Amino acid sequence: MTVTETRNENLPEQLYGVLADLLIRKNNIAVLDSIRGEYGVLNCLCDLEEGASAGELCKRLHVVPGRMADILKSLEQKELILRVRMKDDRRVVKAHITDKGRQVSIEKREEISREYEGLFKILGEKDVKEMIRLLKIVLSYYPDKTEE
């Protein structure tokens, strides 16, 4: 066995360890909670002029219906969204972002930019783009089983 073969045998464990370390960091757990929580819904609704149903949001954000119901209720209580029953089908309720909700989403985007500013300085734009490209490849290697 060559030195290269020995080193390559250890690569899966090294990759696993690095990914585990990255995922369990407090700030990354907070990011995941945010993306799949209230900010995720607001961010999603910012891009959808016609709003979205709870089911549509569940699919986009990979959130179970019970959790989505809680998120939408909280956002509505904070006056960040409005839920509107559709005229042509009264069973369908769509969530729409309010001006206040749009402002909260913008502020969160700015906070995210500040959060990662240091990392961008360390890596530089070229390496950040390369990291994003590589992470997209990693994500495509592990397809989401819920979408099958």
Side-chain angles (χ1 to χ4, degrees), residues 1-84 93-148:
M1 189 177 296
T2 67
V3 173
T4 305
E5 287 173 335
T6 304
R7 194 173 325 139
N8 287 340
E9 285 179 13
N10 198 15
L11 282 177
E13 286 108 20
Q14 288 179 28
L15 178 59
Y16 183 86
V18 169
L19 289 175
D21 287 346
L22 181 65
L23 294 173
I24 63 170
R25 298 216 176 206
K26 287 181 184 176
N27 61 330
N28 288 335
I29 293 170
V31 167
L32 182 59
D33 288 346
S34 177
I35 289 170
R36 297 179 70 195
E38 291 185 3
Y39 170 68
V41 170
L42 291 177
N43 193 41
C44 195
L45 290 174
C46 274
D47 299 331
L48 302 172
E49 288 182 30
E50 296 166 13
S53 69
E56 292 166 338
L57 292 168
C58 285
K59 286 179 186 174
R60 282 176 171 258
L61 299 172
H62 308 286
V63 175
V64 296
R67 172 94 171 100
M68 184 56 67
D70 291 342
I71 293 168
L72 293 175
K73 181 179 179 181
S74 174
L75 289 171
E76 190 172 41
Q77 288 172 343
K78 295 174 183 176
E79 301 177 347
L80 303 178
I81 66 162
L82 289 173
R83 289 196 266 190
V84 179
V93 177
K94 293 225 175 180
H96 296 268
I97 194 164
T98 63
D99 289 340
K100 182 178 175 182
R102 193 171 304 279
Q103 184 59 41
V104 167
S105 182
I106 290 167
E107 289 168 6
K108 182 66 177 178
R109 284 180 185 175
E110 290 169 356
E111 180 184 323
I112 290 168
S113 291
R114 286 189 304 274
E115 173 82 22
Y116 289 99
E117 189 174 317
L119 184 61
F120 295 157
K121 285 180 182 176
I122 292 169
L123 293 176
E125 185 177 341
K126 180 181 175 187
D127 285 342
V128 169
K129 287 180 178 179
E130 179 66 4
M131 182 173 68
I132 291 168
R133 185 187 73 77
L134 291 170
L135 288 172
K136 285 180 178 180
I137 292 169
V138 170
L139 288 172
S140 71
Y141 179 75
Y142 296 105
D144 188 349
K145 300 295 183 200
T146 61
E147 292 179 359
E148 292 177 347

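Residues: numbered from 1 along the sequence shown. Just so it is clear, the model here is predicted, and its values are computed rather than measured.
- Around atom CG of Asp47, more than 12 heavy atoms belonging to other residues, nucleotides or ligands sit under 6.0 Å away.
- Donor-acceptor pairing under 3.5 Å is recorded for the side chains of Ser74 and Glu38.
- Evaluation of the side-chain contact (heavy atoms from CB on, under 4.5 Å) rule for Arg102 yields Cys46, Ile97, Ile106 as partners, not counting sequence neighbours.
- Between atom CD of residue Glu117 and atom CD1 of residue Ile112 there is a gap of 14.0 Å, rounded to the nearest 0.5 Å.
- The salt bridge (charged side-chain N to carboxylate O under 4.0 Å, His left out) test applied to Arg60 returns no partner, not counting sequence neighbours.
- Among all heavy-atom pairs drawn from Gly37 and Arg67, the shortest one is CA-NH2, 3.8 Å.
- Surrounding CD of Glu49 are at most 12 heavy atoms belonging to other residues, nucleotides or ligands under 6.0 Å away.
- No side-chain heavy atom of His96 sits less than 4.5 Å from a side-chain heavy atom of Leu45.
- Looking at residues two or more places apart in sequence or on another chain, you find a side-chain contact (heavy atoms from CB on, under 4.5 Å) between Lys129 and Glu125.
- Between the CG atom of Leu75 and the CG atom of Leu42 there is a distance of 5.0 Å, given to the nearest 0.5 Å.
- Contacts of Glu56 classified as side-chain contact (heavy atoms from CB on, under 4.5 Å), with partners at least two apart in sequence or in another chain: Ala52, Ser53, Lys94.
- Sparse packing is recorded around CD of Glu79, with 12 or fewer heavy atoms of other residues, nucleotides or ligands lying under 6.0 Å away.
- Using a 4.5 Å cut-off on side-chain heavy atoms (C-beta onward), Leu57 and Leu72 make contact.
- A salt bridge is absent between Lys73 and Glu76: the closest approach of a Lys/Arg side-chain nitrogen to an acidic carboxylate oxygen does not fall below 4.0 angstrom.
- You'll find the side chain of Gln103 stays beyond 4.5 Å of the side chain of Leu80, heavy atoms only.
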Before giving the answer on side chain to side chain contact (heavy atoms under 4.5 Å, CB included), spell out for Val41 and Met68 the whole-Å C-alpha distance, their side-chain angles and the decisive distance to 0.1 Å. CA-CA 9 Å; Val41 170; Met68 184 56 67; 3.8 Å; yes
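- Distance CD1/Ile132 to CG/Asp127: 11.0 Å, rounded to 0.5 Å.
- For Lys136, the salt bridge (charged side-chain N to carboxylate O under 4.0 Å, His left out) test picks out no residue, with sequence neighbours left out.
- Evaluation of the side-chain contact (heavy atoms from CB on, under 4.5 Å) rule for Glu111 yields Lys108, Arg114 as partners, not counting sequence neighbours.
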